[in-house]
Amino acid sequence: MTPGERIKQLRKQHKMTQEQLGQIIGVQKAAIQKYEKGTVQNIKRASLIKLAEVLETTPEYILGWDNIPQNLIPVENTEITQIPIVGRVAAGTSCFADNNIIGYESVSVTDINPSEQYAFLQVTGDSMYPLFMEGDLVLIRIQSSVDSGSYAVVTIDNDDGVIKRIVYGKDFIELQSVNPMYPPRRFEKEDVTRIRVFGVVKEVKRKF
């Protein structure tokens with residue numbers, strides 16, 4: 001089996017399209033097509049390492065230097081799906097617009113409800129430090145309301161979405177940061193309508 005055939009087989013086992021795999025490792029769909037067809041004689045080292053990581057194998061296996069991948073999951077036991085990573089969440093716009101999806105992240109289907117919609121949002125800033133750090137990927141279950149005390153992604157007016165702890169009172173909504181340098185923001189009476197809930201935080205992924 002050639003390296004291209006191995007890449008294609010592993011990609012299909014992980015239920016990814018060529019475009020999705022390319023977005024995850026940072027190359028164009030055309031590059032993945034060339035890898036799989038064998039028209040690229042030498043895959044760049046950085047791309048090879050990323051391929052192995054995403055496809056849950058080793059560079060040696062992809063190159064044919066190892067007959068058995070060390071951590072390859074059998075097809076029948078592979079229960080992985082791809083969740084889009086959105087660059088921003090804005091009021092009144094779809095987070096799944098083509099120009100807003102910056103990549104995909106693999107998750108186990110046991111960690112989500114297939115009947116619900118999810119997205120990853122990349123954390124920016126330090127208002128939620130140290131619980132959520134800049135660069136973290138936060139898995140969001142998309143819904144228009146959350147329980148008081150939940151960590152959620154919300155939009156204020158027409159600004160981009162932010163992650164906050166949301167607390168409801170009798171006639172107010174308070175958005176709380178984890179970092180004490182950022183005071184709570186309270187919206188009272190008619191101002192509560194300025195807030196829109198995008199979804200609830202379900203998981204955070206941090207890569208080193």
Side-chain angles (χ1 to χ4, degrees), residues 7-29 31-33 35-36 43-44 46-59 62 69-75 77-90 93-126 128-143 146 150-155 160-164 197-208:
I7 292 170
K8 184 176 182 179
Q9 181 187 66
L10 292 169
R11 174 178 62 78
K12 288 187 174 181
Q13 288 179 6
H14 285 75
K15 300 179 181 178
M16 282 187 280
T17 65
Q18 292 176 332
E19 183 175 8
Q20 288 172 338
L21 179 57
Q23 287 179 325
I24 293 171
I25 71 169
V27 301
Q28 298 294 319
K29 175 183 176 181
I32 301 298
Q33 291 174 331
Y35 294 164
E36 294 184 356
I43 302 175
K44 291 182 179 179
S47 297
L48 180 61
I49 292 173
K50 288 182 180 179
L51 274 171
E53 179 183 0
V54 172
L55 298 176
E56 299 185 312
T57 186
T58 65
I62 291 176
Q70 295 179 1
N71 60 346
L72 179 63
I73 303 173
V75 177
N77 292 329
T78 301
E79 295 292 343
I80 300 294
T81 188
Q82 299 297 309
I83 303 295
I85 304 171
V86 296
R88 59 191 291 264
V89 173
T93 62
S94 171
C95 71
F96 298 113
D98 290 341
N99 61 356
N100 199 34
I101 295 177
I102 60 175
Y104 291 85
E105 183 72 14
S106 300
V107 299
S108 170
V109 295
T110 60
D111 293 336
I112 63 173
N113 184 338
S115 65
E116 297 174 328
Q117 197 171 29
Y118 296 83
F120 275 102
L121 180 66
Q122 194 164 45
V123 176
T124 59
D126 63 351
M128 300 302 285
Y129 178 88
L131 188 59
F132 305 108
M133 299 175 64
E134 184 155 9
D136 286 352
L137 292 179
V138 177
L139 179 63
I140 307 298
R141 185 175 68 202
I142 299 173
Q143 56 192 67
V146 297
S150 299
Y151 290 101
V153 174
V154 300
T155 59
D160 287 353
V162 293
I163 300 173
K164 297 294 178 184
V197 174
F198 174 76
V200 64
V201 173
K202 300 299 295 181
E203 178 184 310
V204 60
K205 287 191 173 186
R206 182 170 301 156
K207 296 183 179 181
F208 299 91

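Please read these numbers as outputs of a predicted model, since none were measured by experiment. Here, residue 1 is the first one in the sequence, and each next residue gets the next number.
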Worksheet item: Out of curiosity, Gln13 CD to Arg11 CZ, how far, rounded to the nearest 0.5 Å?
Response: 11.5 Å
Discussion item. To the nearest 0.5 Å, what is the distance between CD on Glu19 and OH on Tyr104?
Written reply: 6.5 Å
Worksheet item: So, the side chain of Ser108 versus the backbone of Thr110: is there a donor-acceptor pair under 3.5 Å, distance only?
Response: yes
Discussion item. Test your reading of the model: is there a side-chain donor-acceptor pair from Tyr129 to the backbone of Glu134, 3.5 Å cut-off?
Written reply: no
Any side-chain heavy-atom pair from [X] and [Y] closer than 4.5 angstrom?
X      : Y      : answer
Ile112 : Leu139 : yes
Met128 : Asp136 : no
Val123 : Val204 : no
Leu121 : Phe198 : no
Tyr118 : Val107 : no
Ile85  : Gln23  : no
Ile32  : Ile25  : yes
Val86  : Ile102 : no

Discussion item. Enumerate the side chain to side chain donor-acceptor pair (under 3.5 Å) contacts for residues 46-55, please, sequence neighbours excluded, ordered by first and then second residue.
Written reply: none
Item to complete: Taking ring pair (Phe, Tyr, Trp, His ring centres under 6.0 Å) as the test, write out the residues that go with Tyr151, two or more places apart.
Response: Phe132
Response to the item:
Here the salt bridge (charged side-chain N to carboxylate O under 4.0 Å, His left out) pairs for residues 20-29, sequence neighbours left out, are none
Worksheet item: What are the two closest heavy atoms between Leu55 and Ile7, and how far apart are they?
Response: CD1-O, 4.2 Å
Item to complete: Please name the pair of heavy atoms, one in Glu203 and one in Lys205, separated by the smallest distance, quoted to 0.1 Å.
Response: OE2-CE, 3.2 Å
